[in-house]
Amino acid sequence: MHIAVIGSGYVGLVAGACFADLGHDVMVVDNDAAKLAALNRGEVPIHENFLPELLHRHRGTRLKFSDDLETAVRASSAIFVAVGTPPTEQGEADLSYVESVARGISGAINDYKIIVEKSTVPVYTSDWVRKIILRNGAESSAFDVASNPEFLREGTAVTDFLYPDRIVIGADSERCVAVLREVYAPLAEGTYYDRPDAIPCPDRAQIPPPLIVTSAKSAELIKHASNAFLAMKISFINAVASICESVGANVQQVCQGIGSDTRIGSRFLNPGIGYGGSCFPKDLMAFRAVARECGYDFRLLDEVMRINEEQRLRFIRKVRSALWTLRGKKLGVLGLAFKGGTDDIRESPAILLIQSLLQEGCQISAYDPAAHDRAREVLNSTVSFADSAYDAAHAADALLILTEWEEFAALDLKRLHTELKYPIVIDGRNLYDPEIMAASGFTYYSVGRPSASPEPIPSAPAEPPRRKSKLL
Ligand code: UDX
Ligand code: UDX
């Protein structure tokens with residue numbers, strides 16, 4: 001099938017490359033000339049496993065890039081809209097890019113087409129997209145608008161797309177559902193997975209994935225509710241971790257105990273310094289605004305966001321309880337990206353914490369396997385970027401672990417111990433076992449677990465109440 005994907009960001013580019021790998025002819029359209037030029041030069045603008053292979057496999061044949069929206073729409077049966085839906089000041093989703101794309105599509109409807117929301121959008125957006133396209137002259141019977149939310153995670157975007165837990169088709173006409181069934185047939189019928197060159201199957205994948213057909217409104221809500229629930233699960237375990245810290249329990253044991261209840265599940269129960277990224281923070285605010293608009297006061301979401309911010313405050317207090325005063329302290333920091341496996345720093349808890357620690361007068365040497373370039377754009381020269389984790393730890397008063405990169409969990413502890421001025425590690429992602437760290441000579445603090453040290457840690461004198469730091 002001929003498919004157009006509007007927007008070549010994390011979602012659009014991955015969706016376009018995967019649709020081409022399913023056998024469709026794909027035109028990815030973007031109005032960012034620099035990004036287009038890079039894509040046409042053969043560059044891969046985002047750090048995602050398997051994406052370079054797919055772009056190499058299909059670029060110029062089944063996968064093309066253009067800034068010509070009209071031509072792409074005319075040539076396609078399905079148009080997937082994956083442009084940005086950033087938050088407004090009030091936290092609502094800014095849908096102006098979606099609207100401008102809808103206007104652009106309306107003039108190019110030369111035969112029956114479906115317009116599919118791939119970006120995360122509030123419920124009722126499909127109604128508006130339809131209204132805008134009709135208002136700009138398209139025939140009512142010439143198109144349908146559907147919602148096909150994307151659940152891919154950054155870092156595992158390609159395998160999440162090709163091996164999804166489910167494919168949600170939100171459409172209000174059988175004709176539209178039929179087109180989307182055809183688009184996803186290689187996955188839903190399982191034929192893709194029989195191919196020798198199929199992208200390798202990740203653990204736990206369900207083949208074939210279930211295809212869930214709903215109304216457009218329900219599909220729009222499925223996306224917001226899914227992200228809100230996942231963020232709530234993270235905030236819940238972070239809240240439990242705080243209680244563990246007060247009573248001396250171990251959140252890791254608690255996670256094992258509650259996570260083995262199949263009604264709860266152990267995934268997304270990793271306590272830490274809180275969630276970040278381009279989706280959870282903005283989607284929670286957008287969902288909160290949608291609920292308010294619908295007259296429902298969804299205060300639970302406020303609490304999810306408050307706990308998430310509180311996690312960063314608690315981590316700063318932990319650094320203070322380990323180092324006493326912060327002004328002039330040299331800190332090694334591992335992690336800048338909002339999570340492991342990506343170069344994306346949007347709403348990264350690591351960056352927010354670094355900015356707070358800089359404000360407290362700390363000197364910071366930071367290392368991340370992929371996010372230095374993007375972090376430089378935000379942090380400039382306020383921090384020094386180290387060449388390795390050991391380089392970041394060199395002569396530091398303490399080492400902070402802020403992003404859950406796998407390589408940070410496999411460091412040479414002996415070498416780390418020699419690099420650090422004081423063997424103090426404050427782990428915001430619980431990557432190490434406290435006993436192993438103590439046995440390796442470190443004073444080790446983590447989230448929701450008792451601190452550990454070669455010799456008993458004298459309890460820090462009670463902290464005088466402090467004024468709230470503006471940044472956090
Ligand atoms: C997108 C959606 O923004 C987000 O709501 C959803 O949760 C995930 O998918 P992402 O792919 O990360 O997120 O967006 P972004 O990286 O901002 O890419 C959007 C692309 O659309 C950019 O390349 C931008 O240049 C392009 N764009 C934007 C257009 O081509 N036309 C426009 O009118 C606006
Ligand atoms: C998320 C959703 O998972 C995905 O389905 C949706 O399409 C887009 O938003 P993403 O933002 O890429 O994906 O990352 P995710 O793996 O969900 O992590 C989000 C944040 O939560 C990261 O900062 C991560 O460090 C944090 N996290 C995740 C935790 O703190 N604990 C956990 O147990 C899981």
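Note that ligands are numbered from 1 as they come in the structure, with each ligand's atoms numbered from 1 the same way. Since this is a predicted model, take the numbers as computed values, not measurements.
Heavy atoms of Gly272 come nearer than 4.0 angstrom to ligand 2 in no pair at all.
No hydrogens or angles considered: a donor-acceptor pair under 3.5 Å links the side chains of Ser126 and Glu220. With 3.5 Å as the limit, one finds no donor-acceptor pair spanning the side chains of Ser242 and Glu310.
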(message) The test is side chain to side chain donor-acceptor pair (under 3.5 Å); show your working for Ser215 and Ser218 and say whether it passes.
(response) CA-CA 5 Å; Ser215 70; Ser218 299; 2.9 Å; yes
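Taking distance alone, with nitrogen or oxygen atoms compared against 3.5 Å, Tyr275 stays at or beyond that limit from ligand 2.
Annotation: cation-pi pair Arg130/Phe143 present, NZ/CZ under 6.0 Å from the ring centroid and within 45° of its normal. No cation-pi contact links Arg429 to Phe408, judged by a cut-off of 6.0 Å to the six-membered ring centre and 45° from its axis.
Contacts between Asn270 and ligand 2, counted as non-hydrogen atom pairs separated by less than 4.0 Å, involve both the backbone and the side chain.
Other residues, nucleotides and ligands contribute over 12 non-hydrogen atoms within 6.0 Å of the CD atom of Glu407. Other residues, nucleotides and ligands contribute more than 12 heavy atoms inside 6.0 Å of the CZ atom of Phe151. Residue-environment remark: OH (Tyr97) stays at or below the threshold of 12 foreign heavy atoms within 6.0 Å.
Heavy-atom proximity to Glu404, at under 4.0 Å, picks out these atoms of ligand 2: 24 (C), 25 (O). Every atom of ligand 2 with a heavy atom of Arg429 under 4.0 Å away is listed here by number and element: 25 (O), 30 (O).
The 4.0 Å heavy-atom shell around ligand 1 contains residues Gly7, Ser8, Gly9, Tyr10, Val11, Asp30, Asn31, Asp32, Lys35, Ala82, Val83, Gly84, Thr85, Tyr97, Ser100, Ser119, Thr120, Cys279, Lys282, Arg346, ordered by chain and number.
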